[in-house]
Engineer: 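I have a structure I would like to understand better, so I am pasting it below and will then ask my questions one at a time.
Quick caveat: nothing in here was measured; it's all calculated off a predicted structure. Side chains are part of it too, since the values below use all heavy atoms of this structure and drop only hydrogens, waters and symmetry mates.
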Amino acid sequence: MSTNHIVENLKREIENFTAEIKVEKVGKVLEVFDGIAKVSGLSDVKSSEMVTFPKGETGVALNLDEDTVGVIILGDFSKIREGDEVKATGRILEIPVSDKILGRVIDAIGAPVDGKGPISAKGGSASGGKASLDYYPIEKVAPGVITRLSVSQPVITGIKVIDSIIPIGRGQRELIIGDRQTGKTAIVVDTILNQKGQDMICVYVSIGQKDSKLRKIEARLEEGGAMDYTVIVSAGASEAAPLAYIAPYTGVSIAEYFMDQGKDVLIIYDDLSKHAVAYREISLLLRRPPGREAYPGDVFYLHSRLLERACRRNKEYGGGSITALPIIETQAGDITAYIPTNVISITDGQIFLETDLFYKGIRPAVNVGSSVSRVGSSAQIKAMKKVAGTLKLDLAQFRELEAFAQFGSDLDDATKRQLERGKRAVEVLKQVQYAPVSIEHQVVVLYALTKGFMDDIAIDKIKEFEQGLMEYSQRHAKVFYKQIKELKMWDDKGEEELKKVIADFKASFK
């Protein structure tokens, strides 16, 4: 090849060459410890912006100091060394979402951890929504007042004491609070199981729980066919604090993805006490000033900005709802501690589980006096509202009379009748785990209780009577059941039929 030919080729290459300028914001790791990295050189980084480390680990900028940036590391921080290069991505922390996420177990940053392969976005979806893979930011401003609708549709939990006395509505935030080992998780698992056929998607966020406990919950939901409409977000006890801090926001972003399609979503945070502890750990490592009980001053905002995202939207803004059931663990029943009082003031009511009741065999161990739903009967169907109207008051009076009756034997007939009715009410409201009761059955049983049909049934026979009545009435009170299903209320014809059916069953039972 001649020299001229080579020169011509070089000229052509130089003429066709276009320089591409690529700007990257790059910093350097100053120190790394316990899931935290101090980084210098990222002067333009935003709060909650994602950064990447050389070996593929992701971090999130949390502290923006004068000379350094405090980054929480989402992954294995042992791979990161002092002096490593850190690149800003320009993207606020976001997670991948798609309809295919249903039935899966994912970690705090949306990656599957159930061994079933990657979550695809191809093809149609069982839930009939869009199939493209979207990215949702994990932090978002909660919907404003103008976009919201008042809570008026029930979330049927299948738990008699909750559906009758402390009803939960779609779009509500109802706190479940109590000491450890009092059945808090049992309530939410039963609620998820009862959503089968209720047109509700469930998101269960596990924060700081043992992996063995999570596997049992997953197996139980699988067995009950509930994983078809459920997503589990897992940040286990063995994982770093930054993942436990991020997990609830990941869960609510998934819930918002489905709400944006006009669907109803139930999200459970199990539990926010461990979430607050993880945030405290991160804050102390980042040298944020500690406040009461060593929690940082913004720990209230931590939970309020999370729970305010639960709401029911009106049709103009897409409809759909997110119902939140946060769980808080108390120490020795102390609901006046810092984190419990914070979350109580954010939510629309609480279900208080008491250790003493649990050990007495009253399960679920709900303390009816301390529990409340601020949405009230607007979250109940008309039939339930009618049969359960005075039940809470009757139970509260029974507790008072029970304590008083221990000191005296001379009781008038009216007091004795009230005590006997109260004992039967307590017995009826007991329920074994993994056995949610349909709303029609609940109405029938509570009707029989409040109308006095159980007053002469022996206490130890109440459960047997209740079970038999549910089966018998379903076969013979067809008009009544049809009215409850379709009209959510009964008329005189349905009531007469039910009275006759209960009387017939009672005669055969005796």
Engineer: Step by step, work out the salt bridge (charged side-chain N to carboxylate O under 4.0 Å, His left out) result for R305 and E139.
Structural biologist: CA-CA 9 Å; R305 73 177 192 259; E139 293 276 12; 2.9 Å; yes
Engineer: Backbone N or O of Y434 within a donor-acceptor pair of the D190 side chain at under 3.5 Å?
Structural biologist: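 Answer holds: yes.
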Engineer: Considering non-hydrogen atoms only, spot the tightest contact between V375 and S378 and give its length.
Structural biologist: O-OG, 2.8 Å
Engineer: So with a 6.0 Å cut-off around NZ of K210, is the heavy-atom count from everything else above 12?
Structural biologist: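 Not buried by this count: 12 neighbours or fewer within 6.0 Å.
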Engineer: Drop me the distance from I344's CD1 to I328's CD1, to the nearest 0.5 angstrom.
Structural biologist: 8.5 Å
Engineer: Are R287 and D65 within salt-bridge range, i.e. N to O under 4.0 Å?
Structural biologist: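 The answer is no: the pair does not qualify as a salt bridge.
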Engineer: Check whether any side-chain heavy atom of I254 lies under 4.5 Å from a side-chain heavy atom of I95, and answer yes or no.
Structural biologist: yes
Engineer: Testing Q442, H441, E466, Q431 one by one against K160 for a side chain to side chain donor-acceptor pair (under 3.5 Å), which residue passes?
Structural biologist: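 Result for side chain to side chain donor-acceptor pair (under 3.5 Å) with K160: E466.
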Engineer: Search all heavy atoms of D298 against all heavy atoms of R288 and return the closest pair with its distance.
Structural biologist: OD2-NH1, 3.7 Å
Engineer: With side chain to side chain contact (heavy atoms under 4.5 Å, CB included) as the test, pick out the partner of M200 among I156, N194, V155, T191.
Structural biologist: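 Between M200 and the candidates, side chain to side chain contact (heavy atoms under 4.5 Å, CB included) is satisfied uniquely by V155.
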Engineer: Going by the angle between their ring planes, with limits at 30° and 60°, are Y295 and Y338 parallel, tilted or perpendicular?
Structural biologist: tilted
Engineer: Can you check whether M454 reaches E427 side chain to side chain, under 4.5 Å on heavy atoms?
Structural biologist: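 They are not in side-chain contact.
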Engineer: Ignoring hydrogens, what is the shortest heavy-atom contact between F258 and S98? Give both atom names and the distance.
Structural biologist: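 Heavy atoms only, the tightest pair is CZ-O, 4.2 Å.
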Engineer: Can you tell which of I207, I327, I177 makes a side chain to side chain contact (heavy atoms under 4.5 Å, CB included) with L272?
Structural biologist: I207
Engineer: For T58, which residues count as a side chain to side chain contact (heavy atoms under 4.5 Å, CB included) partner, sequence neighbours excluded?
Structural biologist: M50
Engineer: How close do V71 and G59 get, heavy atom to heavy atom, and via which atoms?
Structural biologist: CG1-CA, 3.8 Å
Engineer: Main chain of Y317, side chain of N314: is a donor-acceptor contact present, judged purely on distance under 3.5 Å?
Structural biologist: yes
Engineer: In Å, rounded to the nearest 0.5 Å, how long is the span from CD of Q209 to NZ of K274?
Structural biologist: 4.5 Å
Engineer: Please round to the nearest 0.5 Å and tell me the distance separating atom CG of L221 and atom CD of Q195.
Structural biologist: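 Separation between the atoms: 11.5 Å.
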Engineer: Rounded to the nearest 0.5 Å, what's the gap from CD1 on I101 to OG1 on T230? Could you check?
Structural biologist: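 Atom-to-atom, I101:CD1 and T230:OG1 are 12.5 Å apart.
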Engineer: Can you check whether E281 reaches V277 side chain to side chain, under 4.5 Å on heavy atoms?
Structural biologist: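 They are not in side-chain contact.
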Engineer: From the options I36, V60, V32, select the one residue that forms a side chain to side chain contact (heavy atoms under 4.5 Å, CB included) with I73.
Structural biologist: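 With I73 as partner, I36, V60, V32 yield a single side chain to side chain contact (heavy atoms under 4.5 Å, CB included), made by V32.
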Engineer: If only atom types and distance count, is the side chain of T323 paired as donor or acceptor with the main-chain N or O of L266 below 3.5 Å?
Structural biologist: no
Engineer: Quick check for you: to the nearest 0.5 Å, what is the distance between S234 atom OG and D114 atom CG?
Structural biologist: 10.5 Å
Engineer: Looking at side-chain heavy atoms only, is the closest gap between P364 and I159 below 4.5 Å?
Structural biologist: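 In short, these two side chains touch, coming nearer than 4.5 Å.
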Engineer: Determine yes or no for a side-chain-to-main-chain donor-acceptor pair under 3.5 angstrom, with T250 supplying the side chain and A108 the backbone.
Structural biologist: yes
Engineer: Can you check whether L307 reaches T347 side chain to side chain, under 4.5 Å on heavy atoms?
Structural biologist: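 Side-chain contact under 4.5 Å: yes.
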Engineer: Considering only heavy atoms from C-beta outward, does the side chain of L102 approach that of D228 to under 4.5 Å?
Structural biologist: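 No, their side chains stay 4.5 Å or more apart.
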Engineer: Could you check T147 against C311 for side chain to side chain contact (heavy atoms under 4.5 Å, CB included), going step by step and ending with a plain yes or no?
Structural biologist: CA-CA 9 Å; T147 70; C311 67; 5.7 Å; no
Engineer: Tell me, yes or no, whether the heavy-atom count around K116 atom NZ, taken from other residues, nucleotides or ligands under 6.0 Å, exceeds 12.
Structural biologist: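 Above 12, so yes.
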Engineer: When you compare the side chain of I484 with that of I381, does any pair of heavy atoms fall below 4.5 Å?
Structural biologist: yes
Engineer: Between R363 and V432, is there a donor-acceptor pair closer than 3.5 Å when you use the side chain of the first and the backbone of the second?
Structural biologist: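 Not a single qualifying donor-acceptor pair exists.
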Engineer: Tell me whether R424 is salt-bridged to E420, with the criterion being a basic N under 4.0 Å from an acidic carboxylate O.
Structural biologist: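 Yes, this pair counts.
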Engineer: Measure from the side-chain N and O atoms of N63 to the backbone N and O of L286, and report whether any donor-acceptor pair falls under 3.5 Å.
Structural biologist: yes
Engineer: Counting only heavy atoms not in R215, do more than 12 sit closer than 6.0 Å to its CZ atom?
Structural biologist: yes
Engineer: Please set out all donor-acceptor pairs under 3.5 angstrom arising from side-chain atoms of residues 168-176, sequence neighbours excluded.
Structural biologist:
unit_1: R170; atom_1: NE; unit_2: P154; atom_2: O; d: 3.2
unit_1: R170; atom_1: NH1; unit_2: D264; atom_2: OD2; d: 2.7
unit_1: R170; atom_1: NH2; unit_2: Q198; atom_2: O; d: 3.0
unit_1: Q172; atom_1: OE1; unit_2: G169; atom_2: N; d: 2.7
unit_1: Q172; atom_1: NE2; unit_2: E174; atom_2: OE1; d: 2.8
unit_1: Q172; atom_1: NE2; unit_2: D348; atom_2: O; d: 3.4
unit_1: Q172; atom_1: NE2; unit_2: S373; atom_2: OG; d: 3.1
unit_1: R173; atom_1: NE; unit_2: D348; atom_2: OD2; d: 3.2
unit_1: R173; atom_1: NH1; unit_2: E308; atom_2: OE2; d: 3.1
unit_1: R173; atom_1: NH1; unit_2: I346; atom_2: O; d: 3.3
unit_1: R173; atom_1: NH2; unit_2: I346; atom_2: O; d: 3.4
unit_1: R173; atom_1: NH2; unit_2: D348; atom_2: OD1; d: 2.7
unit_1: E174; atom_1: OE2; unit_2: Q350; atom_2: N; d: 3.4

Engineer: More than 12 heavy atoms of other residues, nucleotides or ligands under 6.0 Å from CG of D199: is that the case?
Structural biologist: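 Result for CG/D199: open.
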Engineer: Please list, chain by chain and in numerical order, all residues satisfying ring-ring contact (aromatic ring centres under 6.0 Å, His included) with F398, sequence neighbours excluded.
Structural biologist: none
Engineer: How close do A276 and L302 get, counting heavy atoms only, and between which atoms?
Structural biologist: CA-CD2, 4.3 Å
Engineer: Does K430 offer a backbone N or O that forms a donor-acceptor pair with the side chain of K463 under 3.5 Å?
Structural biologist: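 At least one qualifying donor-acceptor pair exists.
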Engineer: Is the backbone of V387 close enough, under 3.5 Å, to the side chain of Y447 for a donor and an acceptor to pair up by distance?
Structural biologist: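 Checked: no pair found.
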Engineer: Between the side chains of D67 and K38, is the shortest nitrogen-to-carboxylate-oxygen separation below 4.0 Å, so that they form an ion pair?
Structural biologist: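 No, no charged N to carboxylate O under 4.0 Å.
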Engineer: Examine the side chains of K213 and S206 and answer whether a donor and an acceptor come within less than 3.5 Å of each other.
Structural biologist: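 No, because no side-chain N or O of K213 sits under 3.5 Å from a partner of the opposite role on S206.
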Engineer: Going through the checks in order, is the side chain to side chain contact (heavy atoms under 4.5 Å, CB included) test met by L74 and L93?
Structural biologist: CA-CA 11 Å; L74 306 176; L93 183 58; 4.2 Å; yes
Engineer: Answer yes or no: is there a side-chain heavy-atom contact under 4.5 Å between V233 and V203?
Structural biologist: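 In short, these two side chains touch, coming nearer than 4.5 Å.
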Engineer: Taking all non-hydrogen atoms of both residues, which atom of A235 and which atom of A244 are closest, and how far apart?
Structural biologist: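 In this case the closest contact between A235 and A244 is CB-CA, 3.8 Å.
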Engineer: To the nearest 0.5 angstrom, please state how far the CG atom of L325 sits from the OH atom of Y204.
Structural biologist: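 Here the rounded value is 11.5 Å.
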Engineer: Any sub-3.5 Å donor-acceptor pair from T330's side-chain atoms to D179's backbone N or O?
Structural biologist: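 Flag set: sc T330 to bb D179 pair under 3.5 Å.
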Engineer: Aromatic rings Y257 and Y136: how do their planes relate, parallel, tilted or perpendicular, breaks at 30° and 60°?
Structural biologist: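 Perpendicular.
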Engineer: Tell me, yes or no, whether the heavy-atom count around E400 atom CD, taken from other residues, nucleotides or ligands under 6.0 Å, exceeds 12.
Structural biologist: no
Engineer: With no hydrogens and no angle check, is any side-chain donor or acceptor of S371 less than 3.5 Å from a backbone partner on V368?
Structural biologist: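 Absent.
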